[in-house]
Amino acid sequence: MSDPPLTLLAPAKLNLFLHITGRRPDGYHELQTLFQLLDYGDTLAFRADDSGVLALHVEEESRYRRVPLENNLVLAAARRLQALAPANPGADIRLTKRIAPGAGLGGGSADAAITLLALNALWRLQLDTRQLMAIGLELGADVPVFVAGRSAWAEGVGERLEPVDLDPAYYLVLVPPVAVSTARIFAQENLTRQASAITIADFLAGRVRNDCESVTCALYPAVKKTLEWLGQHAPARMTGTGSAVFARFEDETEAHEVFGCRPQGLDGFVARGVNALEFDFRDI
């Protein structure tokens with residue numbers, strides 16, 4: 001009987017705020033944000049072999065089955081590591097998708113990061129976290145925070161990370177039926193790009209916002225409508241460039257009660273914020 005696959009959670013994230021502080025010559029935006037990881041996300045199951053073949057399957061029960069296999073971040077991450085391996089290892093990867101694409105929840109980035117962590121262990125490449133984070137940054141600005149596995153204060157394009165311990169909380173996340181193009185949002189001329197840098201004390205005092213929120217709401221009315229509805233029940237904000245919006249609750253029951261009365265057609269979930277992911281690869 002074959003060994004069970006290595007099965008790991010690829011968690012969703014929230015940007016508890018997002019300030020854009022500048023634009024670099026290469027077109028990337030400088031920002032400040034606070035990443036909150038959640039105990040909700042995609043699931044990936046890995047089996048390593050020596051076939052040299054990388055196979056990605058999306059499980060039939062997945063809520064989001066239309067995951068593109070071309071230019072897919074899971075396969076891109078696997079190929080980066082495969083190129084560094086002394087042999088020509090292969091892997092069979094099965095993805096169950098729960099994080100909505102185009103929602104600002106980091107699903108693709110989390111999947112890529114977990115692939116780097118899992119295959120580094122299964123292929124015994126012995127790359128350290130910093131090396132994996134550097135590879136992840138080449139795949140996407142949000143990948144390093146998932147590789148590090150900690151909720152974190154982030155600057156630069158999101159790669160300069162300072163781990164933080166946030167107070168326990170539950171988050172109600174609502175996802176309107178639109179997929180937001182991050183490239184479209186960052187291309188808008190009226191996007192704020194000169195926000196002043198802040199400190200963690202400013203965040204704790206509530207002097208924060210999401211600089212992409214007004215632009216996204218103007219381009220995607222469904223996001224604006226969802227934000228307004230949730231704002232009637234608790235202070236609400238958009239994560240990333242959207243489309244998902246969220247509210248923080250100290251009481252899980254209250255979060256579920258609000259979620260239960262959401263307007264028809266809104267997807268979403270209630271999740272607990274987590275400060276650190278716990279993966280143990282020692283027995284692999």
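Counting only heavy atoms from C-beta outward, the side chains of Arg79 and Leu54 approach each other to under 4.5 Å. Side-chain contact check for Thr192 versus Val215: every heavy-atom pair is 4.5 Å or farther apart. Taking 4.5 Å as the limit, some side-chain heavy atom of Leu16 sits within range of a side-chain heavy atom of Leu166. Residues Lys225 and Pro263 are not in side-chain contact: their nearest non-hydrogen atoms beyond the backbone lie 4.5 Å or more apart. Within the 4.5 Å cutoff, the side chain of Trp153 has no heavy atoms near those of the Arg160 side chain. Side-chain contact between Val274 and Pro11 is absent, with no heavy-atom pair separated by less than 4.5 Å. Phe259 has its side chain within reach of Leu174: a pair of non-hydrogen atoms, C-beta onward, lies under 4.5 Å apart. Contact check for Leu137 versus Val157: side-chain heavy atoms found under the 4.5 Å cut-off.
Listed here is the closest heavy atom pair of Leu38 and Ala271: CB-CB, 4.1 Å. Contact detail for Leu37 and Ser151: the closest heavy-atom pair is N-OG, 3.0 Å. Nearest heavy-atom pair across His29 and Ile20 is CD2-CG2, 3.8 Å. Listed here is the closest heavy atom pair of Cys212 and Gly240: CB-O, 4.0 Å. Counting all heavy atoms, side chain and backbone alike, Phe279 lies closest to Leu9 at CZ-O, 3.6 Å. Considering every non-hydrogen atom in both Gln194 and Thr21, the closest pair reads OE1-O, 4.0 Å.
Using a 4.5 Å cut-off between side-chain heavy atoms of Ile, Leu, Val, Met, Phe, Trp and Tyr, with links allowed through other members, Phe17 and Leu227 fall into different hydrophobic clusters. The hydrophobic clustering, which links ILVMFWY residues whose side-chain heavy atoms are closer than 4.5 Å, places Val145 and Leu31 apart. With hydrophobic clusters built from ILVMFWY side chains whose heavy atoms lie under 4.5 angstrom apart, Leu44 shares a cluster with Leu119. Transitive grouping of hydrophobic side chains (ILVMFWY, heavy atoms separated by less than 4.5 Å) brings Ile135 and Met133 into a common cluster. Connection of Ile93 to Leu139 is established within a shared hydrophobic cluster, with ILVMFWY side chains joined at heavy-atom distances below 4.5 Å, either directly or through further cluster members.
Side-chain atoms of Thr33 do not come within 3.5 Å of backbone N or O of Ala154 as any donor-acceptor pair. Between the side chain of Glu30 and the backbone N or O of Arg24 there is no donor-acceptor pair closer than 3.5 Å. Thr239 contributes no side-chain N or O that, together with a main-chain N or O of Ala244, makes up a donor-acceptor pair within less than 3.5 Å. Of the possible polar contacts, none joining the Gln36 side chain to the Gly273 backbone as a donor-acceptor pair under 3.5 Å is found. Distance alone, capped at 3.5 Å, places no donor-acceptor pair between the Asp142 side chain and the Gly106 backbone. The backbone N or O of Arg209 sits less than 3.5 Å from a side-chain atom of His19, completing a donor-acceptor pair. Checking side-chain atoms of Arg94 against main-chain N and O of Leu56 turns up no donor-acceptor pair under 3.5 Å.
Note: Ile114 CD1 to Leu73 CG = 13.0 Å, rounded to the nearest 0.5 Å. Atoms NZ and OG, on Lys13 and Ser109 in that order, are 7.5 Å from each other to the nearest 0.5 Å. Separation of atoms OG1 (Thr226) and NZ (Lys224) is listed at 11.0 Å; rounding is to 0.5 Å. Between atom CG of residue Leu14 and atom CZ of residue Arg237 there is a gap of 11.0 Å, rounded to the nearest 0.5 Å. The structure places CG of Asp39 at 11.5 Å from OH of Tyr171, a figure rounded to the nearest 0.5 Å. Annotation: the span from Arg184 atom CZ to Leu191 atom CG amounts to 13.0 Å, rounded to 0.5 Å.
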Self-check item: Verdict with supporting geometry, Leu172 and Arg262, side-chain contact (heavy atoms from CB on, under 4.5 Å)
Solution: CA-CA 11 Å; Leu172 165 54; Arg262 70 192 184 280; over 6 Å; no
Practice problem: Dump the intermediate steps for side-chain contact (heavy atoms from CB on, under 4.5 Å) on Val175 and Leu105, then the final yes or no. | Solution: CA-CA 10 Å; Val175 184; Leu105 295 168; 4.3 Å; yes
Exercise. Go through the steps to decide whether Asn15 and Phe246 satisfy the test side-chain contact (heavy atoms from CB on, under 4.5 Å), and finish with yes or no.
Key: CA-CA 10 Å; Asn15 297 91; Phe246 67 92; 5.9 Å; no
Exercise. For the pair Phe146 and Leu117, evaluate side-chain contact (heavy atoms from CB on, under 4.5 Å) and give the outcome as yes or no after the intermediate values.
Key: CA-CA 10 Å; Phe146 293 108; Leu117 291 167; over 6 Å; no
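The side-chain hydrogen bond (donor to acceptor under 3.5 Å, both in side chains) contacts involving residues 116-136 comprise nothing, where partners must be two or more places apart or lie in separate chains.
In this structure, Arg98 satisfies the cation-pi test against Tyr40, with its NZ or CZ atom closer than 6.0 Å to the six-membered ring centre and inside 45 degrees of the ring normal.
Atom CD of Gln232 is surrounded by more than 12 heavy atoms from other residues, nucleotides or ligands within 6.0 Å.
Partners of Thr241 by side chain to side chain donor-acceptor pair (under 3.5 Å), not counting sequence neighbours, listed by chain and number: Thr182. For Glu159, the side chain to side chain donor-acceptor pair (under 3.5 Å) criterion is met by no residue, not counting sequence neighbours.
Using a 4.0 Å cut-off between a side-chain N of Lys or Arg and a carboxylate O of Asp or Glu, Arg47 and Asp92 do not qualify as a salt bridge.
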